[in-house]
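Worksheet: one structure, shown below.
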2 protein chains.
Amino acid sequence: MLAAERRTHLLDLLARTGKVVAKDVAAELGISEDSVRRDLRDLAAEGLCQRVYGGALPASPAVVDYDARRELGTDGKRKVAAVAAGLVRPGGSVILDGGTTALAVARALPAELTCTVITHSPTIATALIEHPRAELFLLGGRVFKHSAVTCGAAAVEAAQNVSADLCLLGVTGVHPDAGLTTADADEAAMKRALSARAAETYILASSEKIGTASPYRVLPWEKVTGLITDAGPHDATVDRLGALGVEVLAAR
Amino acid sequence: MLAAERRTHLLDLLARTGKVVAKDVAAELGISEDSVRRDLRDLAAEGLCQRVYGGALPASPAVVDYDARRELGTDGKRKVAAVAAGLVRPGGSVILDGGTTALAVARALPAELTCTVITHSPTIATALIEHPRAELFLLGGRVFKHSAVTCGAAAVEAAQNVSADLCLLGVTGVHPDAGLTTADADEAAMKRALSARAAETYILASSEKIGTASPYRVLPWEKVTGLITDAGPHDATVDRLGALGVEVLAAR
DNA sequence: AAGATACATGCAGAAACGTGCAATACCAGG
DNA sequence: CCTGGTATTGCACGTTTCTGCATGTATCTT
């Protein structure tokens, strides 16, 4: 029984039956209650369930399975998001890109973390309205529907008026030769504008992005502080990136 | 039976049947009355129910259906929203305020309607991303969490760069003497800025808003083209507004 | 006013919890 | 193949939380 397998099983159980009893699962899978508790604690920390005495309940009733799993996507995205969220310092500011991985980061921000989040994604803004302590700044502009973010001249101009410690960018492709790429030219320009307004830029790249490329170049490697990925530590592509001098943060 | 599950069950019972009898629930779930009483006490402490001798009653209806209200809104809101959506001309542009009524307007926009929607609400932007033909422009700025809209200097400035045929504004109070009011000063200023950028301004006022007032004045009646409401045709407040020369669109 | 019912409180046993620790499994590098 | 380091797991321990019962008090009903 793999750890990831266990976690999937827990989420599945949660979605199907609406609850998880630590004791029962431990007996069913033949593992200790401690492991189950540890898993539930981790899942709760990522906002995927609500920890209660004796087990766990779905995070928001009936939403976990339907939206969260589809929107949050793969286990890899969650891991990447957790590491990325950890880069945000208390009292610090972060520019958060759009996309599903960035949304996962927003959901992974600890509730007690006081910080400023700047984003061009209405989806992420909406998600963070629930956050008790995050100060939110939304970059306006024409909404590019395909990615659900604002883009274009107005959005780039709006970005010129903000600054942050950290910028977390999602991309659609990470390739040693092609670099960081995305599917739309305007979007690529917007990502460049965002990155330029932060002291440090990290790329959110769950493993399915690694080794692929899209038409439009976002940033050269020199402008990137590091890459956050859940790809194996000896993935060929990641190795080549490491050789290029890119800092790689492992999310595992 | 998890403790948290029990509490959910109690709230559910409360919402469905309108009351909870401690003795009955204890028998039904096979637990002691003490536990039920403890749960009810805790729920009451959180304002989720009202403790009475022998059991509990729902808290104020406003609290109970907090979610439902946010999502769907009253029947009146839907009617108002339908009329408001009808004001948007094909190919035209509309500035859409935030709030639940405006959200209902966004949802009421016909799928085949080609138009431009300008909004300062990430919630509404998110809702309209699904719309096949609406061009979307989001006004950025600091996000005022209570209302889930952008406000403040940056947002007002962003508004200066747009224009539209129509502005649909929500308010929290509509009163013949106090005028159109809302609960926050920044929000009021933002609504003024939006209204100033459109040729016509209509107020979305479902009946529960009529006759009430909040601290901050939004607009004088002269700046308003009309009021859209589902309040009865011979409502005293609406009559007085009509006498003041305000155009009233009946939503029924 | 009196009996019945519901309630709050204190208490004790049981269950669940978090943490530190050691054993084990796993993996990369030599 | 071996070795050192890391991550995972189960166990032991002390702590916290929950639950049902007993007791005394408050509230309702007749």
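Side chains included, hydrogens not; waters and symmetry mates left out as well; all remaining heavy atoms used. We name chains A, B, ... by the order of the sequence lines, and we start the count at 1 in each one.
If you take CZ of A:Arg37 and C1' of D:dT16, they are 12 Å apart, rounded to a whole angstrom. The CG-P distance, from B:Asp42 to C:dT9, rounds to 12 Å in whole Å. Between the C1' atom of D:dC18 and the CG atom of B:Leu29 lies a distance of 16 Å, rounded to the nearest Å. Remark: P of D:dA7 and CG of A:Asp39 are 17 Å apart, rounded to the nearest angstrom. Remark: P of C:dA6 and CZ of B:Arg51 are 11 Å apart, rounded to the nearest angstrom. For the pair B:Glu33 CD and C:dA4 C1', the computed distance is 13 Å after rounding to whole Å. Atom CG in B:Asp34 sits roughly 8 Å away from atom P in D:dC21 (whole-Å rounding). Atom pair B:Lys23:NZ and C:dA6:P shows a separation of 5 Å (rounding to whole Å applied).
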Task: Residue pair A:Thr181, A:Arg217: steps toward the side chain to side chain donor-acceptor pair (under 3.5 Å) verdict - done: CA-CA 4 Å; A:Thr181 52; A:Arg217 165 76 74 90; over 6 Å; no
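Between B:Arg41 and the phosphate of C:dC7, there is no side-chain N or O to OP1/OP2 separation shorter than 4.0 Å. Distances shorter than 4.0 Å separate none of the side-chain N or O atoms of A:Ser32 from OP1 or OP2 on D:dC11. Listed pair A:Ser35 / D:dG10 meets the phosphate criterion, a side-chain N or O lying under 4.0 Å from OP1 or OP2.
For A:Arg38 against C:dG18, no side-chain N or O and base N or O form a donor-acceptor pair under 3.5 Å.
A salt bridge links A:Arg6 and A:Asp39; the closest N-O separation between the charged side-chain nitrogens and carboxylate oxygens is under 4.0 Å.
Within a 6.0 Å sphere centred on CZ of B:Phe144, heavy atoms belonging to other residues, nucleotides or ligands number more than 12.
Looking at heavy-atom distances under 4.0 Å, B:Val52 makes contact with sugar-phosphate atoms alone, never a base.
Residues B:Lys77 and B:Thr100 bring a donor and an acceptor atom of their side chains to less than 3.5 Å of each other.
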